[in-house]
Colleague: 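Provided herewith is a single structure, encoded as structure tokens, for subsequent inquiry.
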Amino acid sequence: MPPVGRKNLMGVKKPKLDLKFVQRFAGIQRVLFPSWSSQNVLMFGTLLFVTLLEQLIIYQVGVLPSKFYEVLADKDFDAFKGLVILSVILILLNSTLKSLDQYICSLMCVSWRKSLTECLHRAYFQSRVYYTLNVLREDIDNPDQRISQDTERLCKQLSTMASRLIVSPFTLAYYTYQCFYSTGWVGPVSIFGYFVIGTVANKSLMGPIVSTLFLQEKLEGDFRFKHMQIRVNAESAAFYRAGKVEYMRTDRRLQALLHTQRSLMNKEFWLYIGVNTFDYLGGILSYIVIAIPIFTGVYDGLTPGELSALISKNAFVCIYLINCFTQLIDLSTTVSDVAGYTHRIGELKEVMDDIIRKQCDYDPTSGDMYDFDWDMDSHTGPSDTAFVLDRLSYKCPFSDELLVKDLSLKISQGTHLLVVGNTGTGKTSLLRVLNRLWESSSGYVEMTSCFGPRGILFLPQKPYLTDGTLREQVIYPLKEIYPVSGQIDDERIIQYLELAGVSSLLKRTGGLDEAVDWNWYDVLSPGEMQRLCFARLFYLQPKYAVLDEATSALTEEAEGQLYRACKQLGMTLLSLGHRNSLQKYHDVMLRLCGDGRWELTKLKTE
Ligand SMILES: Nc1ncnc2c1ncn2[C@@H]1O[C@H](COP(=O)(O)OP(=O)(O)OP(=O)(O)O)[C@@H](O)[C@H]1O
């Protein structure tokens, strides 16, 4: 299996600020604002109202100094008192509105994150998308990083932009009108022209930032993946005394990440130069705007006093309009971050949709019905066969060589089948094809019984233990106790833990429902894990149990006990394994011989 963190960007188009970005951004907006009446739209509306009110108050606070000059010059004490009270009220209102603005932005960030992550989760956990994405698709790196960190950062950056963006159309329209009123068309046209030049220049500086940010997030995911790998396999690494080599490898990933981060900073440096230059050039633009009519002689008839009054009035509206634009240009760095995250999340969404579409074409029963505990009561299916295979051929995903060719077989109730063969001949792959994790190359395969209790259950080669209590381990992958029968269920669980030889776990955990603070993988031995999986099997009691080397860590004696228990509980077994001792519990043996060849033989059972 290719490690998730190793996937690379080779052959992938560099993400840019292009039409693809617009499409992906629009797609994400549809998730954030699903309908006009959604909570996020209401919050956005409230934010608009609050920021507009804030602008109004800011304007009032802005004119306070001139009013103070006026009353102080007149030595009007009553007016001064009134003005002080008004100032305090306005400042209190202003700070309240500003805090409210920040508070709504933070709430919106959480709410957007919820909507976006839930949308990604729905696709990720639909049928077997998480498997295909992590194991079979090479074109997408670190899906976990995209769902957890990138989504959070995108929402945070969007929320910091929100209050500035939301109010800008209104302030722009108002001050454009004011500027036009004071300076004629020269003011707005030159300021708009200035903004267009600023945007074009910044866009060219933002392009490389988007792709570098995309790469940086990938390397961040790779770095985290390496640490996760060491955390999960700490004991194995310690047995190898592999501290030095793991240090070197982890450090290599860190250096690659830091190198890219530095390159990102370098690219951002030029953008900062662009943004700051436009900020300060904007300061003198207002005087250039006013200078044009002065030097062309439009105001030649005015006295110096009238001219200075006109300059100060025009400068105010021009400066304010330019300020509105420079605030937008200041968002350039945030926009390039947003673009990088948008590409990462948009790409993940597209790939997941593509997987879902392909899976539905290949297997119409995927979707909700694919999962374990779907409507168990109504779909028990025909029971006398589990699988029908007709001239089935399959190969592993990234190769052209067939593992098995033209296999015809029927797996029926009461006939226990053992699959054997050398390493890598495709035993587990057969189960993958039966379970529809992999597509077959040709031929026909059908699962004729339902999945789950009363149907078919797979016990994978690597025991899978979930997080949670002992009860949750035993009933896995059921979400809740089935059937809901309280005390009787407890007795069943305890009885099956004893039958599987792991009743000691009850004492270690302190009870079925005691929360444990350890990682099950760290504290159970491989044998205990396999036994616990058998307790799960006994509890769920499927008609057909598919066991992939499920007793490889146990003694032959323990293996015998568990196999006999399965048979006593009425299960038909389909087992994979290397040991000859397994033969006595099976009726038929399928041997995979490599190069697509196979043979079927009858066995003498005990
Ligand atoms: N996700 C994957 N991508 C590419 N190749 C794979 C993948 N999974 C398995 N393979 C390859 O497919 C071949 C068959 O693998 P499979 O797991 O079926 O072997 P097996 O017969 O069960 O072996 P073992 O006895 O060791 O369990 C192997 O060569 C393996 O490397």
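Position 1 is the first residue of the sequence; numbering continues from there. Small disclaimer: the values here were computed from a predicted structure and weren't measured. Whatever order the structure lists them in is the order used to number ligands and atoms, beginning at 1.
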Colleague: Judging by distance only, is a nitrogen or oxygen of G424 under 3.5 angstrom from one on ligand 1?
Modeller: yes
Colleague: Give the atoms of ligand 1, by number and element, whose distance to some non-hydrogen atom of F398 is under 4.0 Å.
Modeller: 3 (N), 4 (C)
Colleague: Might you confirm whether atom NZ of K156 has over 12 heavy atoms from other residues, nucleotides or ligands at distances under 6.0 Å?
Modeller: no
Colleague: Closer than 4.0 Å to some heavy atom of H578 - which atoms of ligand 1 meet that?
Modeller: 25 (O)
Colleague: Check whether more than 12 heavy atoms from other residues, nucleotides or ligands sit under 6.0 Å from atom NE2 of H259, and answer yes or no.
Modeller: no
Colleague: Hey, does the Lys NZ or Arg CZ of R564 hover above the aromatic six-ring of Y585, less than 6.0 Å from the centre and inside 45° of the axis?
Modeller: no
Colleague: Before signing off on this row, confirm whether G426 and ligand 1 have an N or O atom pair separated by under 3.5 Å.
Modeller: yes
Colleague: Is the NZ or CZ atom of R536 both under 6.0 Å from the centre of the six-membered ring of Y476 and within 45° of that ring's axis?
Modeller: no
Colleague: Give a yes or no on whether the backbone of L576 and the side-chain of E549 come within a donor-acceptor separation of less than 3.5 Å.
Modeller: no
Colleague: Is the contact between W438 and ligand 1 made by the side chain, the backbone, both, or neither, using heavy atoms and a 4.0 Å cut-off?
Modeller: side chain
Colleague: Counting heavy atoms only, which of L430, V433, V135 comes nearest to atom 1 (N) of ligand 1?
Modeller: V135
Colleague: Taking both backbone and side-chain atoms of T423, is any N or O found less than 3.5 Å from an N or O belonging to ligand 1?
Modeller: no
Colleague: Can you say whether the rings of Y563 and H586 are parallel (under 30°), tilted (30 to 60°) or perpendicular (over 60°)?
Modeller: perpendicular
Colleague: Considering only residues two or more places apart or on different chains, which pairs with a residue in residues 518-530 satisfy salt bridge (charged side-chain N to carboxylate O under 4.0 Å, His left out)?
Modeller: R508-E528
Colleague: Checking contacts here: is it the side chain or the backbone of C396 that comes within 4.0 Å of ligand 1, counting heavy atoms only? Could be both or neither.
Modeller: side chain
Colleague: Quick one: which ligand 1 atoms are inside 4.0 Å of a heavy atom on E549?
Modeller: 25 (O), 27 (O)
Colleague: I'd like the name of whichever of R432, Q461, E138, K427 reaches closest to atom 25 (O) of ligand 1 through any heavy atom.
Modeller: K427
